[in-house]
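The structure appears below as structure tokens.
These values consider heavy atoms only, across backbone and side chains, with no hydrogens, waters or symmetry-generated copies. Count residues from 1 along the sequence.
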Amino acid sequence: MFTAENWPIGANMLSFGSTTPDGTPTLEASSSVWASQLRQVKELGVDQIDPTDAWLPLAKLSDERVEEFRRVLDGEGLTLSSISMTRNSVVDVENGERNLADALRFIELAPSFGVTVVNTGFMQALTEEQAAAIWFWLADGHVDDPALRDLAIERVRTLGDAAKAQGIEVSLEMYEDTYVGTADEAVAFLRDVDHESVGLNPDLGNLVRLHREVEPWPDMFEKVLPHSNFWHIKNYTRDLDPATGAYSSAPMPLKYGYINYRQVIRRALDLGYTGPFCCEHYGSDSLGVIAENVQYIRQVLSSALAETA
């Protein structure tokens, strides 16, 4: 059992983007660029990261460059809390098989970095309208095809088998309009996958930010937390003007937003949650907010775990 001090809590590296300032893909950047970005995390008092493939897709690195990354990581005094895939669905019509191969590669690599869970999902590339919006969730995006649901189940089971063989787990990220787009859909999909090495990522921040009606967050968490094995954790404001029907939302640090994470994390522990956390944030100084969120989670864990000691 983890303590509040050593519980895996990583900073998502999304804020650095997939290219360097001169346009070079992070994948092709020199190790000194990786080191500089990792150092910024360490300087904020955070010692774990999630190298999302939206930053550095480890699955696409050669064996030699994987080892180069490992040396840089060690040199900066950092470890990995988890590995996440972003917008690379295994049932993408054009790239699904390639994404499946990448997911299997992540699972293969994970144990050598001490990672116990690989996160994936069914969200796909942003549309032009989403990319042009102030916040991408203000525009409608990809909607999963019900006709591909059986294929999605089959491919997730393939990932589950590979994860079980490696002694790790796969987590499915909840995201609107996908097969795991609501609490009920997520639980139903997981039930149909029916694999001991596959669980849910209850990233309900993805849902409460939407400018549409969503189920109350306490009800959603109560449904999905018993099945959760990893957690992209972030918060937003959420408001509805009953006079006009207009919604508004914006990213916020964990302790200031719409979801009461002190309550939710404690409830998760009551239900047996033992998975890693990955802190995310959009806009402003994302990395700075993430660092504050890491410390917030550790304080909540410390308080909750002290009561069970």
Side-chain angles (χ1 to χ4, degrees), residues 12 14 18 52-54 84-103 118-160 170-195 198-217 219-221 223-224 227-228 230-232 234 236 238 240 245-251 258-259 280 282:
N12 193 299
L14 273 170
S18 61
T52 169
D53 59 356
S84 293
M85 294 183 70
T86 303
R87 301 192 181 281
N88 287 306
S89 169
V90 296
V91 289
D92 181 297
V93 173
E94 293 184 9
N95 303 309
E97 291 186 1
R98 184 192 69 190
N99 294 342
L100 177 63
D102 284 349
V118 171
N119 175 80
T120 189
F122 302 107
M123 67 286 280
Q124 298 194 20
L126 296 177
T127 64
E128 291 183 6
E129 292 77 15
Q130 287 180 307
I134 293 176
W135 303 113
F136 62 82
W137 54 87
L138 300 182
D140 291 334
H142 166 80
V143 178
D144 271 341
D145 182 353
L148 296 178
R149 189 175 184 274
D150 286 347
L151 177 62
I153 291 170
E154 175 188 331
R155 290 185 171 174
V156 169
R157 284 179 183 155
T158 297
L159 297 180
V170 170
S171 195
L172 301 177
E173 180 176 349
M174 294 180 63
Y175 196 91
E176 77 268 13
D177 301 326
T178 69
Y179 304 120
V180 289
T182 68
D184 290 331
E185 289 170 344
V187 172
F189 187 87
L190 190 69
R191 182 179 61 243
D192 291 344
V193 169
D194 191 24
H195 199 293
V198 181
L200 294 178
N201 168 0
D203 189 355
L204 299 189
N206 288 338
L207 305 184
V208 301
R209 69 192 179 191
L210 299 175
H211 287 198
R212 65 173 84 162
E213 183 178 357
V214 295
E215 189 176 5
W217 61 261
D219 297 344
M220 289 192 285
F221 274 118
K223 292 175 181 178
V224 301
H227 309 283
S228 298
F230 175 57
W231 202 338
H232 279 174
K234 54 182 178 281
Y236 294 82
R238 179 174 173 83
L240 169 63
Y247 290 93
S248 63
S249 62
Y258 176 63
I259 296 170
E280 297 184 324
Y282 290 97

Q.
Is it true that Lys234 and Asn12 share a donor-acceptor pair across their side chains at a distance under 3.5 Å?
A.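 No, no side-chain donor-acceptor pair sits under 3.5 Å.
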How many angstroms lie between atom [atom1] of [X] and atom [atom2] of [Y], to the nearest 0.5 angstrom?
X: Met85; Y: Thr120; atom1: CE; atom2: OG1; result: 4.5 Å
X: Asp194; Y: Ile153; atom1: CG; atom2: CD1; result: 10.0 Å
X: Glu154; Y: Asp192; atom1: CD; atom2: CG; result: 14.0 Å
X: Asn88; Y: Met123; atom1: CG; atom2: CE; result: 9.5 Å
X: Thr52; Y: Arg87; atom1: OG1; atom2: CZ; result: 10.5 Å
X: Phe136; Y: Tyr282; atom1: CZ; atom2: OH; result: 4.0 Å

Query raised in the report: So among Leu207, Thr182, Val143, Asp140, which one has a side chain to side chain contact (heavy atoms under 4.5 Å, CB included) with Glu176?
Result: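 Testing Glu176 for a side chain to side chain contact (heavy atoms under 4.5 Å, CB included) against Leu207, Thr182, Val143, Asp140 leaves exactly one candidate, Leu207.
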Identified side chain to side chain contact (heavy atoms under 4.5 Å, CB included) counterpart of Phe122 within the set Asp177, Asp144, Leu148: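 By the side chain to side chain contact (heavy atoms under 4.5 Å, CB included) criterion, Phe122 pairs with just one of Asp177, Asp144, Leu148: Asp144.
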Considering all heavy atoms of both residues, which atom of [X] and which atom of [Y] are nearest to each other, and what is their separation?
X: Val170; Y: Gly160; answer: CG2-N, 4.4 Å
X: Val214; Y: Val208; answer: CG2-CA, 4.5 Å
X: Arg155; Y: Gly96; answer: NH1-C, 3.7 Å
X: Ala139; Y: Gln130; answer: O-NE2, 3.3 Å
X: Ala54; Y: Ser18; answer: O-CB, 3.3 Å
X: Leu159; Y: Ala103; answer: CD2-CB, 3.6 Å

So side-chain hydrogen bond (donor to acceptor under 3.5 Å, both in side chains) across residues 90-103, not counting sequence neighbours, yields Lys60-Asp102
Would you call the rings of His232 and Phe230 parallel, tilted or perpendicular, taking 30° and 60° as the class edges? perpendicular
For [Y], does its backbone N or O pair with a side-chain atom of [X] as donor and acceptor, under 3.5 Å?
X: Arg238; Y: Ser249; result: no
X: Tyr179; Y: Asp145; result: yes
X: Ser171; Y: Asn201; result: yes
X: Asp53; Y: Thr86; result: yes

- Task: List the steps and the verdict of side chain to side chain contact (heavy atoms under 4.5 Å, CB included) for Leu138 and His211.
- Result: CA-CA 7 Å; Leu138 300 182; His211 287 198; 3.3 Å; yes
Verify side-chain hydrogen bond (donor to acceptor under 3.5 Å, both in side chains) between Arg209 and Tyr236, making sure each step is shown before the conclusion. CA-CA 6 Å; Arg209 69 192 179 191; Tyr236 294 82; 2.8 Å; yes
(request) Would you check, one step at a time, whether the test side chain to side chain contact (heavy atoms under 4.5 Å, CB included) holds for Val198 with Leu190? (result) CA-CA 8 Å; Val198 181; Leu190 190 69; 3.8 Å; yes
Checklist entry - Step by step, would you call His142 with Leu126 a side chain to side chain contact (heavy atoms under 4.5 Å, CB included)? => result CA-CA 8 Å; His142 166 80; Leu126 296 177; over 6 Å; no
Problem - Arg157 to Phe189 six-membered ring, cation-pi geometry met (6.0 Å, 45°) - result: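 Geometry flag: not set, cation outside 6.0 Å or 45°.
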With side chain to side chain contact (heavy atoms under 4.5 Å, CB included) as the test, would you mind laying out the steps for Asn206 and Glu173 before giving the verdict? CA-CA 9 Å; Asn206 288 338; Glu173 180 176 349; 3.2 Å; yes
